[in-house]
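Heads up: the structure comes next, in structure tokens.
Each chain gets a letter, A, B and so on, in the order the sequences are listed, and its residues count up from 1.
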Amino acid sequence: MRLEEALKKYLGYETFRPGQKEVIETALAGKNSFVMLPTGTGKTVCYQLTGYLLEGAVVIISPLLSLMQDQVERMKAYGEKRVIAINSFLAPQEKVAALRRLDQYKFIFLSPEMLMNDTVKGRLKQLKIALFVIDEAHCISQWGHDFRPDYLALGDFRADFEYPLTMVLTATATERVRQDILLQLQLNDAESIIYSVDRPNIALFTRRYATFKEKKAGLVELVRELKSPGIIYFSSKRLAEEFQQLIRSETALESAYYHGDMQAESRMMIQQQFSRGQLDVICATSAFGMGIDKADIRYVIHFHLPGDLEAYVQEIGRAGRDGEKSAAILLYANGDEMLQRQLADKDALDPALLELPAELVGSLPETEQRMLAHYAESGLSKGAIRKRLEERRHWKQQNLAAMKGYLETEGCLRAYILRYFGEEAADKEQQPDCCDRDGAEITHYFGTNERRNEQPDWVRYLDELFVGP
DNA sequence: CGCGTTGGTCGTATGACCAACGCGGTGCTATACT
């Protein structure tokens with residue numbers, strides 16, 4: 001059967017999107033792959049169709065519970081019943097039952113933490129694993145080193161399972177991050193399938209302000225003018241909340257805030273409201289984003305610069321999935337990078353903690369305890385650990401410096417990003433609205449959002465309702 | 001870095017003002033207890 005026929009038969013699509021066929025063919029040929037496809041190009045199809053064409057189960061490692069739930073629901077909605085997510089959403093007895101009948105599932109979603117659970121491992125050992133998938137694989141290189149060490153144990157898992165056929169999926173990774181991911185996964189024979197990170201329909205802007213206050217005022221002005229919907233990213237939960245209040249009082253836009261301290265239910269609700277077009281603006285921290293597949297996001301503003309360009313590209317990539325023109329705007333006020341410098345510094349464990357007496361370790365925050373436990377089990381000497389922490393710190397500072405360079409460059413912003421990801425700069429002829437350095441005008445992204453400002457015009461409303469516009 | 005909180009002083013109001021200080025973001029899971 002030709003792959004197109006299989007695509008039609010199993011998933012109902014007529015044609016492949018760029019990259020998908022190549023990825024599936026590679027897996028069907030029994031080769032491991034490292035796949036980099038831009039956001040919104042249907043990475044799910046890659047492992048789903050491969051799974052249908054192979055005998056055995058597909059195990060998918062996913063970083064977020066909400067992502068897993070979404071995928072499971074979507075697959076179920078399309079009629080696939082043999083799909084499950086083993087995670088803490090399951091009640092203990094549900095989990096036991098699910099593990100007992102694990103062999104009945106074709107697609108099994110797991111977090112790296114759950115994968116390391118001995119019962120789960122033992123049960124997986126009894127199955128035939130056709131394909132091992134790492135979704136959002138950049139998490140290995142970012143979160144793994146910082147606060148989710150189980151991401152770093154995926155390599156040992158692969159070894160333990162005699163190196164199952166593996167597919168690594170991400171949207172953004174520099175060569176260096178790719179190398180780190182492959183190293184962590186103990187994957188040295190992966191076929192690289194790399195597509196450009198460039199999203200031509202997203203115009204790039206930076207704006208400098210002298211002070212925090214001016215930046216704040218500038219943001220309100222932008223939000224008032226820009227065509228919504230949009231996302232504004234902050235590096236502080238408090239500021240995200242504060243700004244949402246400000247937008248509510250200063251504009252007629254519908255808005256909400258979103259960050260990691262909120263209850264899972266409120267987070268889900270906000271995300272749904274945004275997806276359904278009930279909100280114009282989301283004021284969020286980096287917690288908001290993965291798994292958002294809203295097509296018509298018109299702008300992404302960053303109130304603070306992110307810690308690295310990978311995060312920036314990932315976050316602005318949520319704009320313009322529909323291919324329509326959209327804007328990515330990075331704001332800066334003097335000294336902004338200090339905040340990121342502080343956060344980056346906090347990430348790598350303080351080497352002094354390695355000397356902490358065992359009885360005091362218990363009083364540390366949970367994340368630090370985990371990272372310490374991870375290093376203790378790694379068998380590395382203290383000197384080697386110290387060296388690794390130092391390298392990590394250095395890496396982060398370099399990344400931040402590159403991010404700062406983006407703000408400061410006088411050349412094309414898109415070219416800067418592409419160079420960072422090791423790509424050739426795109427052809428200018430094809431990109432009239434590229435970035436502010438090349439003459440793109442922010443006003444092209446303005447629109448009217450003030451409709452809610454008007455008092456409801458009942459006569460017109462009823463007229464439209466019964467007679468049509 | 002900039003912001004909010006805290007605690008001191010002033011000097012007699014239950015505030016006004018200032019300096020010093022600390023903090024900032026991302027998520028999984030297990031298990032005990034109210």
Side-chain angles (χ1 to χ4, degrees), chain A residues 61-69 85-96 109-121 135-136 138-154 208-217 219 232-243 246 257-264 267 283-291 302-308 310-312 314-315 331-348 365-371 373-374 396 399-400 403-404 407:
Chain A
I61 305 305
S62 172
L64 300 179
L65 299 179
S66 60
L67 262 185
M68 294 183 219
Q69 299 304 112
I86 309 281
N87 59 35
S88 57
F89 281 179
L90 296 179
Q93 63 269 40
E94 285 178 320
K95 190 176 144 193
V96 170
F109 287 84
L110 295 160
S111 66
E113 288 82 4
M114 191 60 87
L115 188 71
M116 299 308 152
N117 177 294
D118 285 337
T119 318
V120 173
K121 256 191 198 169
D135 200 10
E136 307 286 358
H138 55 277
C139 291
I140 295 175
S141 185
Q142 284 163 9
W143 292 358
H145 296 292
D146 290 346
F147 66 101
R148 291 182 71 178
D150 288 319
Y151 257 114
L152 306 181
L154 291 175
R208 279 177 164 272
Y209 299 90
T211 64
F212 181 82
K213 269 195 183 136
E214 283 175 35
K215 187 169 75 163
K216 208 162 159 176
L219 175 59
I232 309 168
Y233 280 107
F234 298 86
S235 294
S236 141
K237 294 175 263 197
R238 185 179 53 76
L239 274 178
E241 287 195 25
E242 208 176 289
F243 250 90
L246 194 65
Y257 63 83
Y258 185 105
H259 56 67
D261 278 355
M262 296 161 65
Q263 296 289 322
R267 288 173 64 159
C283 298
T285 62
S286 56
F288 187 74
M290 263 194 271
H302 281 74
F303 189 74
H304 297 111
L305 70 169
D308 52 55
E310 286 99 309
Y312 189 62
Q314 187 103 29
E315 285 166 0
L331 310 186
Y332 176 81
N334 286 327
D336 273 1
E337 68 274 20
M338 293 311 287
L339 195 159
Q340 282 303 335
R341 192 164 295 165
Q342 290 302 113
L343 290 177
D345 215 49
K346 228 178 79 182
D347 275 339
E366 191 243 353
T367 304
E368 294 187 338
Q369 290 190 42
R370 276 175 150 232
M371 293 312 294
H374 163 73
K396 293 225 167 191
N399 287 345
L400 183 57
M403 189 70 231
K404 187 87 194 299
L407 273 162

Looking for any heavy atom pair under 4.0 Å, which part of the strands does [X] touch: base, sugar-phosphate only, or nothing?
| X | result |
| --- | --- |
| A:P63 | sugar-phosphate |
| A:E242 | sugar-phosphate |
| A:L239 | nothing |
| A:N117 | sugar-phosphate |
| A:T367 | base |

Under 4.0 Å between a side-chain N/O of [X] and OP1 or OP2 of [N], yes or no?
| X | N | value |
| --- | --- | --- |
| A:N87 | B:dG27 | no |
| A:K95 | B:dA30 | yes |
| A:K346 | B:dG25 | no |
| A:K215 | B:dG2 | no |
| A:R341 | B:dG2 | no |
| A:S111 | B:dT29 | yes |

Can you tell me how the ring of A:W143 sits relative to the ring of A:F147, calling it parallel under 30°, perpendicular over 60° and tilted otherwise?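 Tilted.
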
Atom [atom1] of [X] to atom [atom2] of [N]: distance rounded to whole Å?
| X | N | atom1 | atom2 | value |
| --- | --- | --- | --- | --- |
| A:F243 | B:dG4 | CZ | P | 11 Å |
| A:Q314 | B:dT26 | CD | P | 15 Å |
| A:M338 | B:dC23 | CE | P | 16 Å |
| A:E366 | B:dT26 | CD | P | 15 Å |
| A:L65 | B:dG27 | CG | C1' | 8 Å |
| A:K213 | B:dG4 | NZ | P | 10 Å |
| A:W143 | B:dG25 | CH2 | P | 15 Å |
| A:E315 | B:dG25 | CD | C1' | 10 Å |

Heavy-atom donor-acceptor pair, A:D347 side-chain to B:dG25 base, under 3.5 Å: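 In this structure, the two groups form a donor-acceptor pair.
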
List the atom of A:F303, the atom of A:L239, and the distance in Å for their closest heavy-atom pair.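 Nearest pair, atom of A:F303 first, then A:L239: CE2-CD1, 4.2 Å.
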
Tell me which nucleotide among [options] gets nearest to the side chain of [X].
| X | options | value |
| --- | --- | --- |
| A:Q342 | B:dC28, B:dT26, B:dC1 | B:dC1 |
| A:T285 | B:dG4, B:dA30, B:dT26 | B:dT26 |
| A:L343 | B:dG27, B:dT29, B:dG25 | B:dG25 |
| A:A287 | B:dG27, B:dA30, B:dC1 | B:dG27 |
| A:R148 | B:dC28, B:dA30, B:dG24 | B:dC28 |
| A:S236 | B:dG27, B:dG24, B:dT29 | B:dG24 |
| A:F147 | B:dG25, B:dT26, B:dG4 | B:dT26 |

Separation of the [atom1] atoms in [N] and [M], to the nearest angstrom:
| N | M | atom1 | value |
| --- | --- | --- | --- |
| B:dC28 | B:dC33 | P | 26 Å |
| B:dT12 | B:dA16 | P | 15 Å |
| B:dC21 | B:dT26 | C1' | 26 Å |
| B:dG25 | B:dC18 | C1' | 31 Å |
| B:dT31 | B:dG27 | P | 23 Å |
| B:dG11 | B:dC17 | P | 14 Å |
| B:dT29 | B:dG24 | C1' | 26 Å |

Are the side chain of A:E315 and the backbone of A:G289 linked by a donor-acceptor contact shorter than 3.5 Å?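 Absent.
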
Measure the CG-OG distance between A:L67 and A:S62 for me, rounded to the nearest 0.5 Å.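 That separation rounds to 4.5 Å.
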
Roughly how far apart are A:H302 NE2 and A:S235 OG, rounded to 0.5 Å?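 It is 8.0 Å, given to the nearest 0.5 Å.
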
Using distance alone, with no hydrogens and no angle criterion, decide if A:H138 and A:E310 have a side-chain donor and acceptor under 3.5 Å apart.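 Note: A:H138 and A:E310 side chains miss the donor-acceptor criterion.
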
Verify whether one side chain among A:Y151 and A:Q142 offers a donor that lies under 3.5 Å from an acceptor in the other.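 Distance-only check fails for A:Y151 and A:Q142.
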
By nearest nucleotide on DNA chain B, pick out whichever of A:H259 and A:A210 is the more 5' one.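 Final value for this comparison: A:A210.
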
Both distances under 3.5 Å, Watson-Crick or G-U wobble: report the partner of [N], or none.
| N | result |
| --- | --- |
| B:dC21 | B:dG4 |
| B:dT31 | none |
| B:dT12 | none |

Could I get the full list of salt bridge (charged side-chain N to carboxylate O under 4.0 Å, His left out) partners for A:D146, not counting sequence neighbours?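 A:D146 satisfies salt bridge (charged side-chain N to carboxylate O under 4.0 Å, His left out) with A:R392, A:K396 once adjacent residues are dropped.
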
